[in-house]
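Data block below; observations after.
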Protein chains: 2
Amino acid sequence: MATGKEKAVKKEVSCPVEATLRAIGGRWKVLILHHLLGGTKRFGELTRALKGVSARTLTKQLRELEACGVIHRKVYPQIPPMVEYSLTAVGKQLEPVLMAMHDWGEKHG
Amino acid sequence: MATGKEKAVKKEVSCPVEATLRAIGGRWKVLILHHLLGGTKRFGELTRALKGVSARTLTKQLRELEACGVIHRKVYPQIPPMVEYSLTAVGKQLEPVLMAMHDWGEKHG
DNA sequence: CAGGATCCGTACTGATACTG
DNA sequence: CAGTATCAGTACGGATCCTG
């Protein structure tokens, strides 16, 4: 399943580290976060920046990040529609995590 | 699939952050790492420490961490068998990542 | 433009039973 | 004790078509 109807079970999370992993553990989430660290982006910009992602998947990952309070979604009610995504204050605090992961991944991985 | 015969496809990884996520992104991996930061553990100890994990899943996650060079598996050829898991030097360098994730998860998540 | 709807293959993980 | 084999459910993510 993957249509939005799937139950959000997600098991219990006790450890804070687990919680963080659940927040950023998606296929594209760290990339999305990385791009948003560079500033506000539109949906189309993200689609192009993350070469290979489908609109459905990108939408879903963005919605999940939004649900975690990590990013903000701003809709401009116009035709054609325009939607901007940006990091919230909480999301910006993920930068140290991303940095630490970047450092490790560069040396190893 | 989940028997060890599954192909390790895993898509391409360009960004170092992605690489790190792939290494520690499993359901139990950060917990395993966290426990191993406290020192060498046997299989049974990990099974009990990670309440709820099945032997099959734990084995698989340990093997993946081993394949990444993050942990070391030491087998004592005896009856009954004894296997010890410990962090490698590379694995220990993941500590800053775990710490950053812990800090964020504590405040949010 | 930014998605929603639908269909689908694959990966991840658990449960259970069995073994050297 | 430390797994392995098998069965099975669920989640994840892609492809394609459609729409306000």
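Convention: sequence-line order gives letters A, B, ...; per-chain numbering from 1. As a basis for the values below, the full set of heavy atoms in this structure was taken, side chains included, without hydrogen atoms, waters or symmetry mates.
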Residue pair M101(A) / T20(B): nearest heavy atoms and the distance that separates them: O-OG1, 2.6 Å
Sugar-phosphate, base or nothing in reach of Y76(B), heavy atoms under 4.0 Å: nothing
Residue mapping more 5' on DNA chain C - nearest nucleotide basis, Q61(B) or A55(B): Q61(B)
Protein-nucleotide distance (R73(A), atom CZ; dC1(C), atom C1'), rounded to Å: 12 Å
Whole-Å gap separating P (dT19(D)) and CD1 (I79(A)): 15 Å
Out of dC1(D), dT13(C), dC1(C), whichever nucleotide has its closest atom nearest the side chain of P80(B): dC1(D)
Distance in angstrom units between Q78(B) CD and dG20(C) P, rounded: 19 Å
M82(A), nearest nucleotide to its side chain (from dC12(C), dG14(D), dA2(C)): dA2(C)
L21(B) CG to dC12(D) C1', straight-line distance once rounded to whole Å: 13 Å
Listed partners of T57(A) passing side-chain contact (heavy atoms from CB on, under 4.5 Å), at least two apart: W28(A), V53(A), S54(A), Q61(A)
Salt bridge flag under 4.0 Å for residues E84(B) and R73(B): no
Test item: T88(A) side-chain N/O and H72(A) main-chain N/O as donor-acceptor pair under 3.5 Å: no
G26(A) vs P81(B), nearer the 5' end of DNA chain D by closest nucleotide: P81(B)
Interatomic distance where CZ belongs to R27(A) and C1' belongs to dA11(C) [whole Å]: 13 Å
Phosphate OP1/OP2 of dG3(C): any R63(A) side-chain N/O under 4.0 Å: yes
W104(B) side chain vs P96(A) backbone, donor-acceptor pair below 3.5 Å: no
Angle between terminal axes - the helix from dC1(C)-dG20(D) to dG20(C)-dC1(D), 5 pairs each end, rounded to 10°: 50°
Atom pair distance, as rounded to whole Å: CG in L62(A) and P in dG3(C): 7 Å
Separation of dG14(D) P from K51(A) NZ (nearest whole Å): 14 Å
Sugar-phosphate only, base, or nothing, as touched by T59(A) at under 4.0 Å among non-hydrogen atoms: sugar-phosphate
Spacing between L58(A) atom CG and dC12(D) atom C1', to the nearest angstrom: 15 Å
Base dG13(D) paired with R56(A) side chain (donor-acceptor, <3.5 Å): yes
Nearest atoms (heavy-atom pairs only) where H35(A) meets A49(A): CE1-CB, 3.6 Å
Heavy atoms of other groups near H108(B) NE2, more than 12 under 6.0 Å: yes
Whether T40(B) side chain and S86(B) backbone form a donor-acceptor pair below 3.5 Å: no
Full working for side chain to side chain contact (heavy atoms under 4.5 Å, CB included) between L94(B) and L87(B): CA-CA 10 Å; L94(B) 276 170; L87(B) 291 180; over 6 Å; no
Positions of residues 41-49 of chain A (non-hydrogen atom under 4.0 Å from DNA chain D), listed by number: none
Over 12 non-hydrogen atoms of neighbours within 6.0 angstrom of CE in M99(B): no
